[in-house]
2 protein chains.
Amino acid sequence: MDAQPENQIVRAVIDAISEQRLPAGAKLGEQVLSDLFDCNRANVRRALASLAAQHVVELRPNRGAFVVAPSAQEAREVFQARRAIERTIARQAIGRVTDADIAYLRANISAETEARTLRDKPAELRTSQRFHMYLAQLSGNRILERFLAELTMRSTLILGMYSAEGHSCARCDDHRGIVDALIARDEELLLRLAEEHLRNLEAELNFDISTTSAGGLKDQLLGPKPSSDKPVTRL
Amino acid sequence: MDAQPENQIVRAVIDAISEQRLPAGAKLGEQVLSDLFDCNRANVRRALASLAAQHVVELRPNRGAFVVAPSAQEAREVFQARRAIERTIARQAIGRVTDADIAYLRANISAETEARTLRDKPAELRTSQRFHMYLAQLSGNRILERFLAELTMRSTLILGMYSAEGHSCARCDDHRGIVDALIARDEELLLRLAEEHLRNLEAELNFDISTTSAGGLKDQLLGPKPSSDKPVTRL
DNA sequence: GCCGCCAGCATTGTTAACAATAATTGTTAA
DNA sequence: TTAACAATTATTGTTAACAATGCTGGCGGC
């Protein structure tokens, strides 16, 4: 695979945001990152430039890199964009889905349900996002897949900021219905369910609250490992 | 505005590709760029990292940065993505378009027609892209606008590679019809015309040919100024 | 005469030191 | 006690030198 340190950093940051370990507004210091991934600052800066180009972080001159904090307006735009893109993805998926795919999607939904009952938030977020991204892969359109990856990541950020009760993408029932429509090859139903699902998600947002918590960057990035050699560097 | 040298480079490269001054496969050397924009290599590298993150250039290790050369498959994906995104943009535009916007769009179409009759390819490409991007702005969705900017740029690259007769986005008649449907607020007609327009564009591609010409990077990036102080660096 | 090899050159990648800017802390006076 | 100011510290930004890699052209062998 691609073991370039810069891509490693990019993936780690995106994964961390996707599992809500890295909250909106968190600062990504160059020194901290170069220590964590033991590479020089040049690589860190390249990684941050990439993330900035994808609007994952914001680069404030002489201040550093911060995880973006989407506004309510941006949140609406994200979900509108998702409806546009996932609509096409769903249509394409109808003609390409196989039995093996269905089996995978069902297993994934089960995992999501289990994660939710276990209150395992990261696993729940991961499986839910995986559902959408698997369909995107199925569509065979790598550009739409890439766009959706950015949008689902940003959705997670938005849910972390504006979601009171952590439903996340929790409506497994919606996912189940979508899979059923896929099997039935019922395009009209599928498109309706997909759109409804996204509207449901959006409807659960509450723009009055906006949490921008902060914690140890190392745990956020690398996950909550049991033993930690160094005291956590401050955010 | 944002006069950071790295963003300057990014914009210059994107503009150059949009007007087909920079062809697919062109190499972007660090030394050349740092000379052209008189900045240090660090800024150049940041710019190239940004462009790579947007899949505008490809970063080959120890080789340098090259403008991407979309395959036939990628071309199809680009146009499919455009249909998905511009569909939503068109719908949004219906509810937001003003008389002033219509006037602008009409003027832009005239300019496009004129550029075509004058065989001014860069102007033709610029106005045509502007038509699509103006609608995107009109939609009020900055995310879709950004996605479409990437897609139109890539479309230009694709047209440069696979278009025998340079129609570019030349079907002004299509644009005219779209504006008319916008005025009439006829959603059904508008969506049909927008989709047809993109399908027409795609249908004109010829994947048997694939031109990857090369020239002087300075003229390509900064435009063909009449007098040039230095002999052109090699590609 | 054609192909492979080797040296020199150009370009990219890495690192470290230094400068500039912002944040923090401590001090002093009202 | 608080507010403003000054000094310190930490972080980012810039630059240059060096290392490593890939490319080019000339040479000799087949």
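Chain letters run A, B, ... following the sequence lines, proteins first, then strands; residues in each count from 1. Just so it is clear, the values below take in all heavy atoms, side chains as well, and ignore hydrogens, waters and symmetry mates.
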Protein-nucleotide distance (Glu6(B), atom CD; dT12(D), atom P), rounded to Å: 15 Å
Interatomic distance where CG belongs to Asp38(A) and C1' belongs to dT14(C) [whole Å]: 14 Å
Contacts of type salt bridge (Lys or Arg N to Asp or Glu O under 4.0 Å), residue Arg91(B), not counting sequence neighbours: Glu187(B)
Arg63(B) side chain near dT11(C) phosphate (N/O to OP1/OP2, under 4.0 Å): no
Side-chain touch Val32(B)/Leu28(B), heavy atoms, less than 4.5 angstrom: no
Estimated bend of the helix from dG1(C)-dC30(D) to dA30(C)-dT1(D) (axis per five terminal pairs, rounded to 10 degrees): 10°
Atom-to-atom span, CZ of Phe37(B) to C1' of dT14(D) - whole angstrom: 19 Å
ring-ring contact (aromatic ring centres under 6.0 Å, His included) against Phe79(B), all qualifying residues, sequence neighbours excluded: none
Whole angstrom value for the distance that separates C1' of dA23(C) from CZ of Phe66(A): 11 Å
Set of salt bridge (Lys or Arg N to Asp or Glu O under 4.0 Å) partners for Arg126(A), sequence neighbours left out: Glu19(A)
Residue pairs passing the salt bridge (Lys or Arg N to Asp or Glu O under 4.0 Å) test where at least one lies in residues 49-59 of chain A, sequence neighbours excluded: none
Results of salt bridge (Lys or Arg N to Asp or Glu O under 4.0 Å) for Arg96(A) - residues two or more places apart only: none
Protein proximity profile, nucleotides 15-21 of chain D - base contact B, sugar-phosphate-only contact S, no contact -, cut-off 4.0 Å on heavy atoms: B-B---S
Value in whole Å for how far the P atom of dT14(D) lies from CZ of Arg45(B): 15 Å
Salt bridge (Lys or Arg N to Asp or Glu O under 4.0 Å): pairs with one or both residues in residues 68-80 of chain A, sequence neighbours excluded: none
Nearest-angstrom distance from the residue atom CG of Leu28(B) to P of dT12(C): 10 Å
For Tyr104(A), ring-ring contact (aromatic ring centres under 6.0 Å, His included) partners two or more places apart: Tyr134(A)
Atom-pair distance (CZ on Arg46(B); C1' on dG13(C)), nearest Å: 17 Å
Whether Phe147(B) and Phe147(A) hold their rings parallel, tilted or perpendicular, with breakpoints at 30° and 60°: parallel
Salt bridge (Lys or Arg N to Asp or Glu O under 4.0 Å) partners of residues 38-57 of chain A, not counting sequence neighbours, each pair once: Glu6(A)-Arg46(A), Glu30(A)-Arg41(A), Glu30(A)-Arg45(A)
Sorted by number, the residues of residues 50-60 of chain B with heavy-atom contact under 4.0 Å to DNA chain C: none
Salt bridge (Lys or Arg N to Asp or Glu O under 4.0 Å) involving Arg146(B) - partner list, sequence neighbours excluded: Glu150(A)
